[in-house]
Number of protein chains: 2
Amino acid sequence: MSLPHAILTALVEKPSSGLELTRRFDKSIGYFWSATHQQIYRELGKLEAEGLIRALPGRQPARGQKKSYEVLPAGRAELARWTAAPHDLKPLRDTMLLRLRAAAVVGTAGLEADLRRHLELHERQLAEYEEIEERDFPPGRDSTEDRLRHLVLRAGIDLETFWTRWLRHALAEFAELPDDEPA
Amino acid sequence: MSLPHAILTALVEKPSSGLELTRRFDKSIGYFWSATHQQIYRELGKLEAEGLIRALPGRQPARGQKKSYEVLPAGRAELARWTAAPHDLKPLRDTMLLRLRAAAVVGTAGLEADLRRHLELHERQLAEYEEIEERDFPPGRDSTEDRLRHLVLRAGIDLETFWTRWLRHALAEFAELPDDEPA
DNA sequence: CCCGGTTGTGCAACTAGTTGCAAAAACGGG
DNA sequence: CCCGTTTTTGCAACTAGTTGCACAACCGGG
């Protein structure tokens with residue numbers, strides 16, 4: 001149940017309309033919490049009904065008309081509560097690892113190509129993160145906000161680094177495997 | 001849509017009843033694809049209806065009576081197909097990173113304790129994986145199956161290593177932060 | 001031999017996220 | 001100033017996963 005809090009965070013950072021939120025989720029926030037515009041609209045409705053956010057003055061609400069929201073004190077309080085509350089870590093659930101285990105019993109034919117493709121995608125993502133780091137976090141900045149945001153980006157970079165390394169390792173192993181056990 | 005394939009993999013490895021599957025998901029398979037017993041029973045029903053698995057002879061089906069399943073050729077073929085087919089990588093979605101970003105706007109109060117708790121949990125998990133590695137993958141084994149399974153375990157170990165490192169880094173940063181901006 | 005706990009199977013209802021589409025407003029060229 | 005396109009909002013239906021509970025069979029002690 002994190003989407004409402006993702007939205008609250010985004011709105012505290014800057015009041016926005018549904019579409020603006022969608023765009024921000026596509027860029028920065030989506031790097032660690034993705035959401036579609038329908039999810040966002042639905043959630044905005046709920047949050048407004050619960051009194052955590054409110055529509056900014058503007059025109060009366062109607063379809064096709066921009067409607068911006070801002071966070072109310074109750075929303076900010078809820079966000080602070082949620083941030084500090086202990087959360088269970090959700091168990092890992094990764095398709096590629098599952099496929100590798102499946103390959104152990106039905107054969108590895110065809111898997112290697114997708115391993116290679118994933119490696120490329122992760123390399124691209126890693127490069128993108130590193131670019132952001134260079135651009136937005138030059139050495140020497142140290143406001144609390146900057147440090148925290150940098151920490152988050154760091155996690156992204158390290159995660160992608162892990163995947164690229166692991167995929168390379170997997171591909172190296174594949175190269176050494178006997179030519180394949182037929183399924 | 002990976003649960004059916006997780007179950008097929010498990011059943012190819014060894015035909016089992018719903019409960020046995022549940023237990024195996026709790027131990028080894030659940031390390032990278034968790035599932036509850038209800039999910040498993042429902043899926044077993046679907047897979048049987050689709051003709052990918054079948055109930056082993058045994059007694060006639062009834063509540064409270066063990067019913068084991070085995071994979072049919074069609075099931076094995078579907079598993080091989082799925083394993084080799086290209087898959088999109090699903091976007092990262094991590095609550096802790098979101099909370100850190102939220103903390104950047106509502107304050108870090110309380111977060112540190114949970115960071116510490118998570119570090120402990122990940123350390124425990126890492127230790128467990130390393131124990132398994134020592135026990136099940138002594139150097140020198142090199143059947144294809146062993147190598148692939150080891151690769152999967154390796155991913156688990158490296159992931160947990162990443163998290164413990166990152167969390168330690170985050171805690172170190174926290175220690176340097178000004179005493180807290182009130183929300 | 002029966003009665004209470006344990007094992008094993010399963011339904012129903014719910015929450016979260018995804019996909020496909022529609023419809024009102026605003027925008028811009030002829 | 002009107003008509004087609006784009007922008008922005010939103011509903012409805014679907015898929016995947018979770019939670020809570022029910023119920024049959026089986027097992028062991030009094």
Side-chain angles (χ1 to χ4, degrees), chain A residues 1-8 10-11 15-26 29-30 32-50 53-56 58-69 82 87-95 98, chain B residues 1-8 10-11 15-26 29-30 32-50 53-56 58-69 82 87-95 98:
Chain A
M1 258 258 319
S2 306
L3 177 59
H5 302 97
I7 292 180
L8 285 173
L11 287 181
S16 310
S17 70
L19 195 62
E20 283 160 352
L21 276 178
T22 303
R23 285 206 251 271
R24 293 172 58 200
F25 269 78
D26 284 345
I29 300 177
F32 50 91
W33 202 273
S34 59
T36 61
H37 69 109
Q38 291 85 345
Q39 265 182 289
I40 290 171
Y41 283 117
R42 227 186 316 157
E43 206 60 46
L44 282 171
K46 277 193 216 166
L47 289 169
E48 189 176 23
E50 289 167 18
I53 63 175
R54 74 161 177 203
L56 282 178
R59 273 82 46 97
Q60 51 269 49
R63 272 172 179 251
Q65 210 172 174
K66 220 180 211 174
K67 195 164 57 166
S68 280
Y69 293 91
W82 176 83
H87 289 251
D88 290 344
L89 20 75
K90 67 163 179 32
L92 177 58
R93 210 171 246 174
D94 185 90
T95 307
L98 189 53
Chain B
M1 258 259 319
S2 307
L3 177 58
H5 302 98
I7 292 180
L8 285 173
L11 287 182
S16 311
S17 70
L19 194 62
E20 283 161 353
L21 277 177
T22 304
R23 285 205 251 271
R24 293 173 58 200
F25 269 78
D26 283 346
I29 300 176
F32 51 90
W33 202 275
S34 58
T36 61
H37 69 110
Q38 291 87 345
Q39 266 182 289
I40 291 171
Y41 282 117
R42 228 186 316 155
E43 207 58 47
L44 282 172
K46 278 193 215 165
L47 289 170
E48 190 177 21
E50 289 168 17
I53 63 175
R54 74 161 176 202
L56 282 177
R59 271 82 46 94
Q60 51 269 49
R63 271 174 179 250
Q65 212 171 173
K66 219 180 214 174
K67 195 165 54 164
S68 279
Y69 292 91
W82 176 84
H87 289 253
D88 290 344
L89 22 72
K90 65 162 183 28
L92 177 59
R93 210 171 245 172
D94 186 273
T95 308
L98 188 54

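Proteins come first, then strands; the chains are lettered A, B, ... in the order of their sequence lines, and each starts at number 1.
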Between [atom2] on [N] and [atom1] on [X], what's the gap in Å once rounded to a whole number?
X       : N      : atom1 : atom2 : result
A:Met1  : D:dT18 : CE    : P     : 16 Å
A:Ile40 : D:dT7  : CD1   : P     : 17 Å
A:Lys46 : D:dG10 : NZ    : C1'   : 14 Å
B:Leu47 : C:dG10 : CG    : P     : 13 Å
A:Tyr41 : D:dA12 : OH    : C1'   : 17 Å
B:Ile7  : C:dT9  : CD1   : P     : 13 Å
A:Gln39 : C:dG17 : CD    : P     : 5 Å
B:Glu43 : D:dT18 : CD    : C1'   : 15 Å

For a quick test of reading the model: is some side-chain N or O of [X] closer than 4.0 Å to OP1 or OP2 of [N]?
X       : N      : result
B:Arg42 : D:dT18 : no
B:Lys67 : C:dG10 : yes
B:Arg93 : C:dT18 : yes

Select one nucleotide: of [options], the one nearest the side-chain heavy atoms of [X].
X       : options                : answer
A:Gln38 : C:dT19, C:dT15, D:dC21 : C:dT19
A:His37 : C:dT7, D:dG17, D:dG10  : D:dG10
A:Thr36 : C:dT18, C:dG17, D:dC21 : C:dT18

Could you report the tightest heavy-atom contact between B:Glu43 and B:Leu3, atom names first, then the distance?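 Taking B:Glu43 first and B:Leu3 second, the nearest heavy atoms are OE1-CD2, 4.0 Å.
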Which heavy atom in A:Arg93 sits nearest to a heavy atom in B:Ser34, and how many Å separate them? NH2-O, 2.7 Å
I want to confirm an ordering. Mapping B:Gly18 and B:Pro91 to their closest nucleotides on DNA chain C, which one lands closer to the 5' end?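 First, find each residue's nearest nucleotide; the 5'-ward one identifies B:Gly18.
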According to the interplanar angle, ranging from 0 to 90°, do the rings of A:Trp82 and A:His5 count as parallel (below 30°), tilted (30 to 60°) or perpendicular (above 60°)?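 The arrangement is parallel - the two ring planes meet at less than 30°.
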What is the nucleic acid contact for A:Thr22, judged by heavy atoms within less than 4.0 Å: base, sugar-phosphate only, or nothing? nothing
State, with a plain yes or no, whether a side-chain heavy atom of A:Ile7 is found less than 4.5 Å away from one of A:Ile29. no
Mind checking whether B:Lys46 and B:Pro4 have side chains closer than 4.5 Å, heavy atoms only? no
